[in-house]
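The figures that follow rest on heavy atoms only: side chains count, while hydrogens, waters and symmetry mates do not.
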Protein chains: 2
Amino acid sequence: MARVSIKSIAEVLGVSTATVSLVLNGKEKEGRVSKDVAEKIRLKAKEMHYEPNNLARGLRMGCSQTIGLIVADISNLFFANLAFHIQEHAEKYGYSVIITNTNESDLKLEKMVNVLKSRQVDGFIIVPTEHGMPYVETLVKRNIPTVLVDRNFAEIKAGAVVVDNYHASAKAVKSLIRQGCRNIGLIIYKSRLQHMRERKRGYIDAITEHGFYNPDFVKEINYSTISNDIPIAIESLLLKENRIDGIFFATNTLSMLGIKQLMNMNRRIPEDLKVVCFDKSDAFDFMDIPIPYIFQPLPEMGRIAVELLVEQIKEPSGERKCVELQASLVNSPVNN
Amino acid sequence: MARVSIKSIAEVLGVSTATVSLVLNGKEKEGRVSKDVAEKIRLKAKEMHYEPNNLARGLRMGCSQTIGLIVADISNLFFANLAFHIQEHAEKYGYSVIITNTNESDLKLEKMVNVLKSRQVDGFIIVPTEHGMPYVETLVKRNIPTVLVDRNFAEIKAGAVVVDNYHASAKAVKSLIRQGCRNIGLIIYKSRLQHMRERKRGYIDAITEHGFYNPDFVKEINYSTISNDIPIAIESLLLKENRIDGIFFATNTLSMLGIKQLMNMNRRIPEDLKVVCFDKSDAFDFMDIPIPYIFQPLPEMGRIAVELLVEQIKEPSGERKCVELQASLVNSPVNN
DNA sequence: TTTATACGCTTAATCGTTTAACTATAAAGT
DNA sequence: ACTTTATAGTTAAACGATTAAGCGTATAAA
């Protein structure tokens, strides 16, 4: 079963490959192919189950209609959902998506950028790692279409779509204060990434505004030792003298493990203490009471990421837009 | 910034592209290139940041070092994890993975097969849709490397890696019986797919063996109307006269929604009734008591899927193996 | 001296598509 | 009759990499 190419169609029909190509790309008008021949070609193509070879086309055209998506971890629901929406929209524009993982490793980010480059992706959508800026910068400097998502490096002007982490975070903390919390803990990753810094800043500013700031209440967790760190952090936070009455979890994984630890320690939510989380976790559905959380508009983010990228692909040296979306607080007993 | 190709290196160094290609592919021995020239080429390549163009290579070699992965829904944790492990192993063999979704639509399966074929993927790993057999069959007939995963069509000899759904299911049900359950409900998708049929058969056989079978206790849910169907199914199952004391949920999504409904109805697990689920859900971590579930060896499945596919790619007309893995029951108070 | 062979590199075809430039014919305009 | 214009195609180069076959030159063998 030999591959059926434009050439085989051309031979069978006794025309040139150019004609076949013209017709199959709907350029018969400019290419001026007669209706008869065009119809014959289209029929034969269907009959022979012709499928264009995108490698060849990509080679010739200098583009592959493929987007490279680099996320931290596809098995994390947040990224999986993001990937889903990115794919759905990419498809609309005729793009396929190659997804790769970094597992938060800078080395892997570099490797993946190279792998995807050699596959001639037309552009990148990247959730960068903590120290991944240099690799992203290289792409930007070479005018390779690149959109950062979830996390941004303000210093380099790549395109980006992120949420307003600062205000989202502040909103979350204020909702706790409005519920009467005074001693509010923060469980967050130790990270230099802007989105984490912003979430922390949002927490600190909101809480300082009300005069409740206590640096001891900020617990920074190492990504790689999270399972060990969380129980320790929560336990030290919940020491009697701290009188903790609220906790803000800065990511969904932190929430998951944190709340689990609270349950292990027999703390009731919200009677003993109140919580609010960044991002939803499937698990929230199971809680007796609804867990308030910051909702990031994932479908929106996916859509915009693709749109920004497609714009850049059309005009690689054009301006690179950064879009900041507002996140909302859901399930909170206090409004706004 | 023009792309750096083998040609540009050759021109700068005043040698032919053939020599450069030979060296860069480590074929200097057979190609008999002098150490001097080889070293010069390697240096220059690094200096110019040469990255091979995989489109061109793929076109020439007739293979793209790319695997097409088609899953039902990448935002479902089960598939996201599966995709993760498939990727990790594919990478080891030098393959990239293009992931696409069907959302359980047969039409989309057909479309995705064509999209991936035109991208010249070297093989497919597919989680097929309910009526997707014809499309898979076409691939198999054309000797296109194909491995089914999670779900199999026994009728066509594609490669496959699945769990022993029948015994896993029976194991789950028997654990309920051993805990004293007599009236055990089954919440399952209405589907002709073999894995669903096997799970149902496992349930029926195990329960019939003990003389407790009652067809009314089997509730089949439509995938597309799941949010409506689940509460109705659970409510009708829990009618007083049924004296239901156990429920077996046949997938993770069914478990999630089903347990949520049980909680809405204030049924305590395991006091009021016991449950056992197929697949883990993140949410289980949040439950007061551990939820027993059937654990599918996902890392194994991913690894084997890739290995089977790579074998097929090496020998497309060779025998296509089907691997059946045993799933285990975890968190159950009764052993085995 | 002649012939074989090893060495070191080049030539050129090829993969499947696209597309600018060209050709050939007919019809229309002057 | 001659030029222009429209029609309906074809030719051939190009994208970047691979690789079988070829070709001088030098050395070794006969």
Side-chain angles (χ1 to χ4, degrees), chain A residues 1-42 44-45 48-66 94 117-122, chain B residues 1-42 44-45 48-66 94 117-122:
Chain A
M1 184 87 65
R3 271 208 53 77
V4 21
S5 69
I6 250 181
K7 199 171 161 191
S8 35
I9 298 180
E11 273 165 8
V12 171
L13 255 34
V15 297
S16 74
T17 62
T19 310
V20 177
S21 173
L22 253 17
V23 171
L24 261 25
N25 286 299
K27 302 208 175 139
E28 345 161 5
K29 290 284 168 277
E30 309 115 75
R32 293 159 305 187
V33 181
S34 68
K35 282 236 162 11
D36 270 17
V37 175
E39 206 46 46
K40 238 190 282 184
I41 289 174
R42 262 188 291 267
K44 206 54 157 182
M48 296 173 74
H49 297 107
Y50 170 72
E51 284 285 344
N53 182 327
N54 273 301
L55 294 191
R57 169 182 281 163
L59 178 59
R60 172 62 220 241
M61 309 268 279
C63 72
S64 59
Q65 291 293 108
T66 305
K117 265 210 300 208
S118 71
R119 276 170 201 283
Q120 312 301 114
V121 297
D122 296 339
Chain B
M1 182 90 65
R3 271 208 55 75
V4 22
S5 68
I6 248 181
K7 198 170 162 193
S8 36
I9 298 180
E11 272 165 9
V12 171
L13 254 34
V15 297
S16 75
T17 62
T19 311
V20 177
S21 172
L22 251 19
V23 171
L24 262 25
N25 286 299
K27 302 210 174 136
E28 345 162 3
K29 290 283 167 278
E30 309 115 72
R32 293 159 307 186
V33 182
S34 67
K35 281 230 157 29
D36 270 18
V37 174
E39 207 45 46
K40 238 190 283 183
I41 288 175
R42 261 189 292 267
K44 205 52 153 181
M48 297 174 75
H49 297 108
Y50 170 73
E51 285 284 345
N53 181 327
N54 273 301
L55 294 190
R57 171 182 277 164
L59 177 59
R60 173 62 222 244
M61 309 269 278
C63 73
S64 59
Q65 291 293 109
T66 305
K117 265 209 300 208
S118 70
R119 275 168 201 283
Q120 312 302 115
V121 296
D122 296 338

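Among the protein residues, Ser21(A) comes within range of the nucleic acid bases, having at least one heavy atom under 4.0 Å from a base atom.
Residues satisfying the side chain to side chain contact (heavy atoms under 4.5 Å, CB included) test with Lys40(A), not counting sequence neighbours, are none. Residues passing the side chain to side chain donor-acceptor pair (under 3.5 Å) test with Ser34(B), sequence neighbours excluded: none. The side chain to side chain donor-acceptor pair (under 3.5 Å) check on Thr17(A) picks up nothing, with sequence neighbours excluded. Judged as a side chain to side chain contact (heavy atoms under 4.5 Å, CB included), and not counting sequence neighbours, the contacts of Leu59(B) are Asn53(A), Ala56(A), Leu59(A). Residues satisfying the salt bridge (Lys or Arg N to Asp or Glu O under 4.0 Å) criterion with Lys117(A), sequence neighbours excluded, are absent altogether. Partners of Ala45(B) according to the side chain to side chain contact (heavy atoms under 4.5 Å, CB included) rule, which considers only residues two or more places apart in sequence or in another chain, are Ile9(B), Leu24(B), Tyr50(B). By the salt bridge (Lys or Arg N to Asp or Glu O under 4.0 Å) test, Arg42(B) is found to be paired with Glu28(B), Glu39(B), residues two or more places apart in sequence or in another chain being considered.
Tested against Ile41(A) for a side chain to side chain contact (heavy atoms under 4.5 Å, CB included), the candidates Ile6(A), Val12(A), Thr19(A) yield a single pass: Thr19(A).
The stretch residues 49-56 of chain B touches DNA chain D through Tyr50(B), Pro52(B), Asn53(B), Ala56(B), each having a heavy atom within less than 4.0 Å of the strand.
In this structure, Ile6(B) atom CD1 and dC15(C) atom P are separated by 19 Å, rounded to whole Å. Between the CG atom of Asp36(A) and the P atom of dA8(D) there is a distance of 10 Å, given to the nearest Å. Distance, Lys27(A) NZ to dA21(C) P: 15 Å, rounded to whole Å. When the C1' atom of dC15(D) is taken as reference, atom CG of Leu59(B) falls 9 Å away, rounded to whole Å. Rounding to whole angstrom units, CD of residue Glu11(A) and P of dT10(D) are separated by 13 Å. Going from atom CZ of Arg57(A) over to atom C1' of dA14(D) covers 16 Å, rounded to whole Å. In this structure, CD1 of Ile41(A) is placed 10 Å from C1' of dG9(D), rounded to the nearest angstrom. Atom pair Ile9(A):CD1 and dG9(D):C1' shows a separation of 17 Å (rounding to whole Å applied).
Annotation for Ser118(B) and Pro52(A): closest pair CB-O, 3.1 Å, computed over non-hydrogen atoms. Shortest non-hydrogen contact noted between Arg57(B) and Asn25(B) is NH2-OD1, 3.2 Å. Residues Arg119(B) and Thr66(A) approach most closely at NH1-OG1, 2.6 Å, considering heavy atoms. Pairing each heavy atom of Arg3(A) with each of Ser8(A), the nearest pair is O-OG, 4.3 Å. Leu13(A) approaches Lys44(A) most closely through the heavy-atom pair CD1-CG, 3.7 Å.
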Quick one: which protein N/O atoms are closer than 3.5 Å to N/O atoms of nucleotides 8-11 of chain C? Pair and distance per line, please.
from: dC9(C); atom 1: OP1; to: Ser34(B); atom 2: OG; distance (Å): 3.3
from: dC9(C); atom 1: OP2; to: Ser34(B); atom 2: N; distance (Å): 2.6
from: dC9(C); atom 1: OP2; to: Ser34(B); atom 2: OG; distance (Å): 3.0
from: dT10(C); atom 1: OP1; to: Ser16(B); atom 2: N; distance (Å): 3.3
from: dT10(C); atom 1: OP2; to: Ser16(B); atom 2: N; distance (Å): 2.8
from: dT10(C); atom 1: OP2; to: Ser16(B); atom 2: OG; distance (Å): 2.9
from: dT10(C); atom 1: OP2; to: Thr19(B); atom 2: OG1; distance (Å): 2.6

Look for any protein N or O under 3.5 Å of an N or O in nucleotides 25-27 of chain D and output each such pair with its distance, or none.
none

Dot-bracket encoding of pairs in DNA chain D, which uses [ ] for pseudoknotted crossings and | for another strand, Watson-Crick or G-U under 3.5 angstrom
||||||||||||||||||||||||||||||

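Taking side-chain N and O atoms only, Lys7(A) has no distance below 4.0 Å to OP1 or OP2 of dT17(C).
Between the CE atom of Met61(A) and the CG atom of Leu55(B) there is a distance of 12.5 Å, given to the nearest 0.5 Å.
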